[in-house]
Every structure is written in C-alpha cells, then in structure tokens.
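Inspection log for the structure reproduced underneath, given as structure tokens.
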Amino acid sequence: MTTVKVNGHTWSTHSGKSKDKVVEAPVIHNEGKLEPPNKYRSLNVFTVFYMLINNFLRSIKILDKNQTITELILYYINHSILLMVFFIMSIYKNFLWIYRKIVLKSLNVTYYPNKSPHIIRDDVNKLNKIPKRLSCILNFKDEDDENGGIDGLIFDISELVAWSVSAGIAELNIYEYNGIINTYNGELNRYINKNLKNYFGTEYIPNITIKIPHVGQIMVNDASKPVDLTVNLLSAIDGKPTIVELTKTMSELAVNKELKIEDITIDLINEELIELVGNEPDLLIIFNPNLDLQDYPPWHIRLTEFYWEYDNKDVTYAVFIRALQNYAKSKVNVGK
Amino acid sequence: MSVVSINEFISLLANFPIFAYLFSFVQDIIISILKTGPIPKHVAMIMDGNRTFAKKRNLSLKQGHTAGAESLVKVLDTCFRLGVKVVTIYAFSIENFNRSKEEIDTLFGLLRDRLKLLAENENSYSRVNMIKIRIIGNKSMIPEDILQDLEKIEDKTNLETSEKILNVCFPYTSRDDIVHSIKQTSHQRMNGLINKDSITLDYVTDNMYFGPDSLPLDIMIRTSGQTRLSDFMLWQCNYNCTIEFVDTLWPDFKFLSLIMILMKWGYYKTLEMESEMNKLNEKDEKEFVDILKELPPHPPHKSVTDRK
C-alpha cells in the first residue's frame with residue numbers, strides 16, 4: 001500500500017493484486033545544458049552600445065600598470081577607436097541580420113515540400129549526387145521558445161526523417177549535445193511514424209529504425225521489411241568520452257598482453273569507433289546561426305562537408321535542400 | 001570578391017616605395033588599435049589554394065607554392081605582432097604522400113628552406129622575435145636528411161626565453177594524432193606509470209602531438225572556400241573554437257583578410273565577455289510566484305463519500 005498526500009488528504013491506494021509502484025515523472029535537466037554561442041549574434045545596436053561603453057569604463061579601472069602618460073593616452077585613443085569600429089560593426093551586423101532573415105524567409109517560400117515526397121524527390125533528382133549518410137546538429141531550445149523543448153525537438157527530427165526518406169538518404173544522424181532525446185525515444189518513434197503518414201499515406205509507411213549507439217539500443221518498427229532509413233541519436237558522450245573509454249580498453253588489452261601496441265592502428269580504431277558510434281557522415285548540416293560543432297564526435301568529421309546558414313535557428317526544408325545542393329557541388333580529393 | 005580585388009590593388013600599389021612605407025605605417029596603427037581588444041591565443045591555418053592559384057595565373061606548381069610561402073611569412077608576422085601566442089599551420093598531410101614524387105620533393109624542400117630562413121642565423125626572424133618552432137606530427141614518415149635539418153631548427157629556436165610558438169604540422173593528420181595518443185597512453189600503462197582511472201579526457205589530450213602545455217585553439221582558418229576540415233585538428237577545433245572558411249586562395253590571403261577575421265572574433269569575444277560580466281553583476285534576482293498558493297482559498301470539499 002502506498003500513500004500519497006494531496007491537498008491535506010492522505011490517499012491510500014489499495015489494489016488487490018500487489019503494491020503500487022511510485023514512479024517519478026522524468027524531469028528535463030536544464031543544468032549543464034550547452035548554450036550555443038550565438039546569443040551575442042543578434043543583439044540590437046543599443047545593447048551593443050551599452051556593452052561597449054561598459055567595456056571602456058571597465059578598462060579604465062583595470063589599467064594601473066607602470067606606464068608612461070603617453071602610453072596610457074595612446075592606449076585610450078586606440079581602445080576607443082576599436083570600440084567605435086565595433087559599434088559600426090554592430091550596425092552593419094544588424095542590417096545583415098535583417099537581410100539574411102528576408103533571404104531565409106523567401107527561401108522558405110521558394111522551397112516548400114508541401115508534405116509531398118514527390119516534390120522532394122524532384123528537387124533531389126536535379127542534383128548529380130547525394131550523401132549516403134547525413135548528420136544534423138540540432139539544438140535543444142528553451143521550453144518557452146517557439147518550437148522549443150522536447151516537443152519542438154521531436155517535431156524537427158520527424159520532419160528531417162521524412163525529408164531524408166523522400167530524398168533517398170540511407171542514414172541520418174541526429175546530434176544534440178545533451179542527448180535529451182534519448183529518454184524519449186518511444187515518443188519520438190510514435191511521432192516520426194505519425195508524421196510519415198502525412199507524407200506517405202497510411203497504407204505503406206517507410207520502415208524506420210532508431211538506434212542509440214551509446215546505450216546500444218535499436219528500435220525496429222517492422223523487422224520483416226527492409227529498413228528504409230536508420231536514425232542514429234548521438235550526443236556529446238559519443239565523441240571524446242567514447243574515445244577516452246576506448247583508450248582505457250585498449251590499454252587494458254595491452255596490459256593483459258592480448259594486444260600489441262604496434263597493432264593499434266588508425267584502421268583498428270576506426271573499426272572500433274564505427275562499431276561504437278557509427279560511420280563518418282558525408283554531410284553535416286548545422287542548424288545553428290553560426291558554425292559551431294558543439295563537441296561533435298571528432299573522429300567522424302574528417303572529410304565531412306559542413307553546411308550552415310548564417311542567422312538561421314530553425315530546421316527548415318530550404319536549409320536542408322540547399323545543403324544537399326551544396327554537397328552536390330563539392331569535390332573531395334583526399335590529399336591531392 | 002572584394003577582399004581579393006582590394007588585396008591585388010594594394011599589392012600593386014605597394015611596389016612604389018612611398019606607398020609601401022604608407023602601408024606599413026597604416027598596418028602598424030591597425031595592429032596597435034586591435035591589440036587593445038581581446039586577441040586569440042592560438043590560431044590554426046589550413047593553407048589551401050596554392051595549386052589553384054598557380055593554375056589560374058598560368059604559373060608552375062613550384063611558383064604557386066612559393067607564393068603561398070610568401071603569404072605565410074606575412075600572416076605569421078601579423079599574428080605574432082598582434083600578440084597571438086601560438087600559430088599552427090597545416091604544412092603537409094599524411095594523405096599528401098599520394099601526390100606526385102616531384103611535388104612532394106618540392107614541398108619538402110620549400111618547407112625546409114623556409115624554416116631555415118626563419119631560424120638559421122642569429123638575426124633570422126624567429127630568433128630575433130623569440131619564436132619557438134615545433135614540428136608536430138608523425139616524424140617517422142619524414143625522410144632522414146630533412147628530419148635532421150628540421151630537428152636542428154627545432155633545437156636552435158628552443159630557448160627558454162621564447163614565448164611564442166609556431167607549430168608546423170608535418171606530416172600530420174588528426175586521426176593519426178588521436179591514435180598516437182592512444183598508443184602513448186597504453187604504453188605508459190604497460191610500463192606501470194599510470195593506472196586505469198588516471199586515463200581521463202585531459203590525459204588523452206595531453207598525450208597528443210601538441211603536448212600538455214599547448215593552449216586551446218581559438219580560431220581555425222581554412223582558405224579557398226572548402227567547407228571541411230580534411231583531418232586537421234579535429235579534436236582541438238570541435239569545441240569552443242571559431243572556424244572560418246574563407247573563399248580567398250591562400251597566396252591571396254594577406255594582412256587585410258586576417259585582420260577582418262580577428263576583428264570579427266574580437267567583436268564577439270568582447271560582447272561575450274561583457275554579457276558574462278553583466279551576469280555576474282545581476283545574479284538572478286528574479287522571484288518566482290507560486291500561483292497556486294496565491295489563489296484565494298477554495299470552497300470546502302463536499303463529497304458523496306463524506307455522507308454518514
């Protein structure tokens with residue numbers, strides 16, 4: 001018997017079979033959440049002005065070295081010129097921001113998939129090549145933001161899944177720094193399938209498999225059919241910490257004389273990391289206002305092509321298709 | 001478009017002594033202005049585009065590489081005058097061994113000659129300016145005669161007074177670097193120097209070619225418009241580092257291009273520092289209200305189960 005106290009009353013739950021289990025509802029931990037360094041990129045001119053004035057005032061307090069008067073005066077002149085240049089830059093950046101927003105908006109109108117796989121396939125068929133493996137860096141936005149929180153993330157991922165299936169991509173990696181989505185994979189799977197029905201109809205839904213390499217979990221929808229798209233959910237833990245763990249294992253094997261140190265080669269480590277994390281993606285789309293890799297697994301970005309759209313925070317089809325177009329233009333010549 | 005054409009115009013004008021003097025004067029002013037703001041400590045560069053440059057201008061491969069080397073000297077000078085502590089350049093990738101023998105020999109020879117020029121005499125650039133030259137990468141792949149020369153250069157510039165470092169990655173790939181670190185760590189464990197628990201992220205990082213005292217990377221620049229890293233400093237650049245892909249070809253990448261990147265970095269850094277300061281001053285003074293508790297009391301409960 002469990003007692004739960006609600007509003008001054010003590011509720012006892014009796015059930016004939018067995019004791020009820022008290023389950024804590026999952027809490028989203030916001031502490032330690034990585035904030036992408038883009039919040040300073042869209043500050044308005046007045047905030048920047050205020051900050052620069054502050055900066056200047058602070059520099060007066062700090063400076064008390066053994067300098068001559070001329071050096072001191074020169075420093076102030078130079079520093080104020082620098083801050084003035086920064087201020088002009090902030091005006092310019094604001095105009096640029098507006099310009100880019102307009103461009104992005106018009107692109108979103110130009111490229112609109114209209115929940116139709118045919119349109120997406122038509123767009124893709126104009127290109128001479130597409131990536132086999134696509135990777136996307138997504139941000140966990142604040143719950144209060146537009147399209148934020150877990151629901152926003154799930155929505156963005158399910159759209160990306162639908163576009164990728166329609167485009168014919170074989171593998172999609174989703175990277176989110178905190179790995180928050182890992183605990184919601186059931187919900188994610190349900191929503192992905194729901195969204196796919198919007199694109200493909202209710203009769204034949206593409207067969208999606210969701211993998212969480214770090215946990216070693218694979219969620220299969222229909223084991224009898226071939227898989228149309230594998231979705232890998234990655235987080236920061238799949239990057240450097242995994243390589244550190246691998247180092248521990250390798251050294252353990254070396255100590256136990258099961259592995260010679262000379263046998264540790266790039267190929268061996270590569271095989272292990274493919275097993276632990278997955279393959280190197282061909283294209284990495286960063287849905288961030290600037291290029292910030294957010295501790296993305298370093299081993300896996302060797303020759304990966306990057307794509308990002310300045311001042312864009314949203315996961316939109318326009319960015320997706322433009323990334324593919326950019327990829328089709330790129331030329332890889334290793335070492336040559 | 002604009003940067004290249006301005007650069008070309010300036011390099012044309014710089015042929016006249018008066019203008020050359022004027023430009024160096026203006027450069028000095030710009031540097032002293034920029035110096036009063038935040039300056040990155042560690043800058044890395046992928047110098048891409050020498051061959052495209054040569055092809056575009058109908059030059060030989062060697063001339064292209066020479067133009068690139070000239071550009072490098074200027075960029076290095078600007079960096080160190082600004083107060084950048086460490087500059088890392090991607091001189092030669094392990095994958096570059098796939099190139100023709102002739103080109104590899106040219107590149108090796110050029111690199112050795114340039115480094116010699118930087119470090120040979122008492123009054124050479126790096127010795128006057130106290131710059132330590134370090135060769136980073138898999139040294140076992142360098143031909144014996146070149147390796148000897150390079151080690152001599154490393155020794156000559158390795159003074160206790162030198163504060164600035166020039167890392168020449170030769171021949172280097174980041175994957176090789178990571179594997180090297182794993183090997184080193186395993187080796188140390190086999191010799192009983194460390195136990196399993198002391199293998200941490202920092203430990204693995206310290207065992208890389210760059211060594212334990214290397215500064216974290218602030219800016220990574222890649223020229224010639226490619227938007228990938230090509231196996232260069234993957235471990236170092238994927239967190240808290242600004243990556244800049246510029247369309248300029250490396251031989252055209254000069255003072256102005258570099259200053260613009262550093263200016264942008266300094267601008268965002270200043271804003272970042274300021275807002276952190278503001279955060280410290282403000283210290284969350286928000287008070288949250290529990291609305292449920294603030295509500296007026298509800299009418300008494302009356303339920304069917306209460307009936308006696």
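Chain naming here is simple, since letters A, B, ... match the order of the sequence lines and numbering starts at 1 in each. Reckoned from all heavy atoms, side chains included, excluding hydrogens, waters and symmetry mates.
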Donor-acceptor pairs are to be reported for all side-chain atoms of residues 253-279 of chain A against protein atoms at under 3.5 Å, with residues two or more places apart or in another chain.
from     : atom 1 : to       : atom 2 : distance (Å)
A/Asn256 : ND2    : A/Glu252 : O      : 3.4
A/Thr265 : OG1    : A/Leu268 : N      : 3.3
A/Asn270 : OD1    : A/Trp299 : NE1    : 2.9

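In this structure, the portions of B/Leu34 lying under 4.5 Å from any heavy atom of chain A include both its backbone and its side chain. Residue contact with chain A, scored on non-hydrogen atoms closer than 4.5 Å, is absent for B/Met233. For A/Tyr50, the part lying near chain B is the side chain, with the backbone staying farther off; criterion is any non-hydrogen pair under 4.5 Å. In this structure, the portions of B/Ser32 lying under 4.5 Å from any heavy atom of chain A include both its backbone and its side chain. For B/Tyr203, no part lies near chain A; criterion is any non-hydrogen pair under 4.5 Å. Only the backbone of B/Thr200 has a heavy atom closer than 4.5 Å to any heavy atom of chain A.
Using a 4.5 Å heavy-atom cutoff, the side chains of A/Glu305 and A/Asp282 are not in contact. Taking the side chain as every heavy atom from C-beta outward, B/Tyr209 and B/Asn138 approach each other to under 4.5 Å. In this structure the side chain of B/Met220 never reaches within 4.5 angstrom of the side chain of B/Gln236, judged on heavy atoms. The shortest side-chain heavy-atom distance between B/Cys169 and B/Phe210 falls under the 4.5 Å cut-off. Proximity of A/Phe306 to B/Leu229: side-chain heavy atoms (C-beta onward) are separated by under 4.5 Å at one or more points.
Chain B forms the most heavy-atom pairs under 4.5 Å with one residue out of A/Lys240, A/His79, A/Lys248, and that residue is A/Lys240. Across A/Ile77, A/Leu83, A/Thr247, the residue that shares the most heavy-atom pairs under 4.5 angstrom with chain B is A/Thr247. Across B/Thr205, B/Thr185, B/Leu201, the residue that shares the most heavy-atom pairs under 4.5 angstrom with chain A is B/Leu201. The most heavy-atom pairs under 4.5 Å with chain A, out of B/Glu274, B/Arg189, B/Arg175, come from B/Arg175. In terms of heavy-atom pairs under 4.5 Å with chain B, the best-connected choice from A/Thr47, A/Asn55, A/Ile81, A/Leu52 is A/Asn55.
Annotation: A/Trp308 is in aromatic contact with A/Tyr310 [ring centroid separation under 6.0 Å].
Every residue two or more places apart in sequence or in another chain was checked for a salt bridge (charged side-chain N to carboxylate O under 4.0 Å, His left out) with B/Lys183, and none qualifies.
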